[in-house]
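Chain naming here is simple, since letters A, B, ... match the order of the sequence lines and numbering starts at 1 in each.
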Amino acid sequence: MIRDVALLNADLVCPTGGSSTGGVLVLDGVIAATGVFELPDGVATIDCKGKTLAPAIVDLGVFTIDIPAFHAGGVVRVGLMPDQTPVLDEPGVVQRAALIGRPGLWIHPIAAATRALAGKDLAEMAMNAAAGAKAVGTGERWIADSGVMRKVLAYAGDLGLTVIAQAEDAGILGNAVATAGETATRMGLPSAPALAEPLAIARDLMLAEETGAKLHFRQVTTAAGFDLIRAAKRRGVHVTCGITPAHLLLSDIAMTDFRTFSHVSPPLRDESDRQACLAALADGTIDVLCSGHDPRGPEEKRLPFADSANGMAGAGTLLALSLGMVRDGLITVERLVTMLSATPARIMGLETGTLAVGMPADLMLFDAGAPWLIDGDKMVALAGNTPFDGLPVQGKVLRLWKGGTALI
Amino acid sequence: MPASDHSPATLLPGSAVFPHRHLTGIAGLMPHEITFLLDEAEQWVEANRAKKRDKRLRGLTQINAFFENSTRTLLSFEIAGKRLRADVVNMHAAQSSVKKGETLIDTAMTLNAMRADVIVIRHGSSGAVRLIADKVDCPVLNAGDGAHEHPTQALLDALTIRRRRGSIHNQRVVICGDLLHSRVARSNILALTALAAEVRVCAPSTLMPAGIERMGVTPFTDFDAALEGADVVMMLRLQNERMAGGFVPSNREFHLRYGLTLKRLAKARPGALVMHPGPMNRGVEIDSAVADHVDQSAITEQVEMGVAVRMACLDVLTRRARGVKGWA
């Protein structure tokens, strides 16, 4: 295990320090110097050959622990959603989850905000935090009782924990698997209007504003939802939001022919909302890019659309799909790295996500121009359920380090 | 009931006129392909009335795999197959391994291994028929999948309209009722708009699918307004079994706003055709006086056309396997 290493001749991209060329000196697993520095005696060196060196990805809101997929995608830390079996709602379970992936993958559990995610009684947030939880969340469910949600936000606010919320009004959502519109109507699928999202966001923003709590919406995917968040940010509400590449790059047309790999939650939106997502990405309303990694095998996907499980394997494609948006001029590569690393780390209160001296050497080296073809059959994930199967992309992780230890 | 006065379209030779392996929906069919199936069905209408026998499916096995309860559609497909002398086997959901946890794909592979020559499927989930069709070697006929499609119902409805009105082109057809949960409505919209009918759909907003106007129809919530100048009125029943929670306050309120009564029917064109895919909820979406109207109701004729259409579809889809000249 080499924890002292000098990574030389790289394009450095740091969320706080900006872009530069040079290297990163890692001593005892910690970043000791960046840019141009004097090489200590006896330190191993790696020539990065001009490729991009950036903080490794902190993937906020994954559903499955899938170490090979995360490493292939440049991910060394994940925020694990509480929707596990058993639910992450008590200290023993939280502590166990936090230790599963080490040392190569650090799992930061998002503890359930309510017991069993039932939306009724507060879970032991302080004890779960002491056991390793870095945030609390509602999981893929919505807390219908506004009184309970207010208590969740107030109590989590006391503890300084961010509440990670699902932005879907369950009453409107019902058993929907698609967004109401032409595609869902033609396919005859249970659908709900996109309004389910801003309705939920509006309530939770008001509660967050009143309680002063930190609120993060794991996924926001509608124009109306982004409008609410923009306005709330202007008012100083502590709110952030994330999105996956699927909602930026695909509209509900991708579900045509009952393609269950496009069955995701929230469901894919229409083209106007997709354009609103791209606009929100460009204007900085979106804070986090995440994979929503949720590999599902054929047992759960080779079913009629409404009967299939939602979710997609996203960790391995997160970087490449996101780099496409840099090439399209929507965001800079610095902003991209911020959304992939620094901001998710900040939301979970982690000391990582930048190339600053003193930070753990969680690093990824990638070739932004390397072409490859997304192939579900060849993905290293537990399952290859990606709606992007067959899509040519550019951008590949070459090397990955966690605390200075090379993983790939 | 008048005999057909329709002149069949000039047929192209062989399978070029219907190049589809399965019939999973009306979506994807060209107008001339729909017309071809209707023309093919015409001969079976007359043959059935004349009690002529035909043995063209003799030696072929037709499996009717019904994962969702059905009486009339299953019976119609069974009679259609038997009139063509196919060996017809019915598989009901209650008897199937699906109840024991077997996946749909496994069931499809089992059916395939039994070397069926044609499989007719009804399933409660949209897209299920398509999923099976991709896994079997023989033609698959969709007998209704979720709220997606019910293509033979649309064909029999189109045949009924064509025979009674002389043409589908330019007919003003009003489809009223539970559109949200209706596969019949979707297939009919696709078929009738493809054949250049003017289609109006009518339902309370709670039962109106989003974006339906993009399927080339005009939505109405006022039934009386929708009926103005209608040539055909097609009623749909409230599918309470598909509803989670109430979409309308009560049956009697639904009848008040959307029930087809004689008084309401008078707003349509004189002699307008009344249709219903059945089963009917008399006194809810349709009054008995309308349903049983000797001149205007085509409801029993729809059932008759159903057998003919299904015979035609079974015949056409098995031609390749039977080595019919031009279809091999």
Mind checking what makes salt bridge (charged side-chain N to carboxylate O under 4.0 Å, His left out) contact with Glu197(A), not counting sequence neighbours? Arg269(A)
Salt bridge (charged side-chain N to carboxylate O under 4.0 Å, His left out) involving Arg186(A) - partner list, sequence neighbours excluded: Glu182(A)
So which of Thr260(A), Asp307(A), Leu189(A) has the biggest tally of heavy-atom pairs under 4.5 Å with chain B? Asp307(A)
Kindly indicate whether the side chain of Arg302(A), heavy atoms from C-beta on, has any atom under 4.5 Å from the side chain of Thr103(B). no
In the structure I gave you, are the side-chain heavy atoms of Ser126(B) and Phe258(A) within less than 4.5 Å of one another anywhere? yes
Determine whether more than 12 heavy atoms belonging to other residues, nucleotides or ligands lie under 6.0 Å from atom [atom1] of [X].
{"X": "Met280(B)", "atom1": "CE", "result": "yes"}
{"X": "Leu373(A)", "atom1": "CG", "result": "yes"}
{"X": "Arg150(A)", "atom1": "CZ", "result": "no"}

For chain A, which residues from residues 185-199 of chain B have at least one heavy atom closer than 4.5 Å to it? Arg186(B), Leu190(B)
Correct closest heavy-atom pair for Arg130(B) and Asp257(A) would be NH2-OD1, 2.8 Å
Sequence neighbours left out, what passes side chain to side chain donor-acceptor pair (under 3.5 Å) with Asp273(A)? Give chain and number order. none
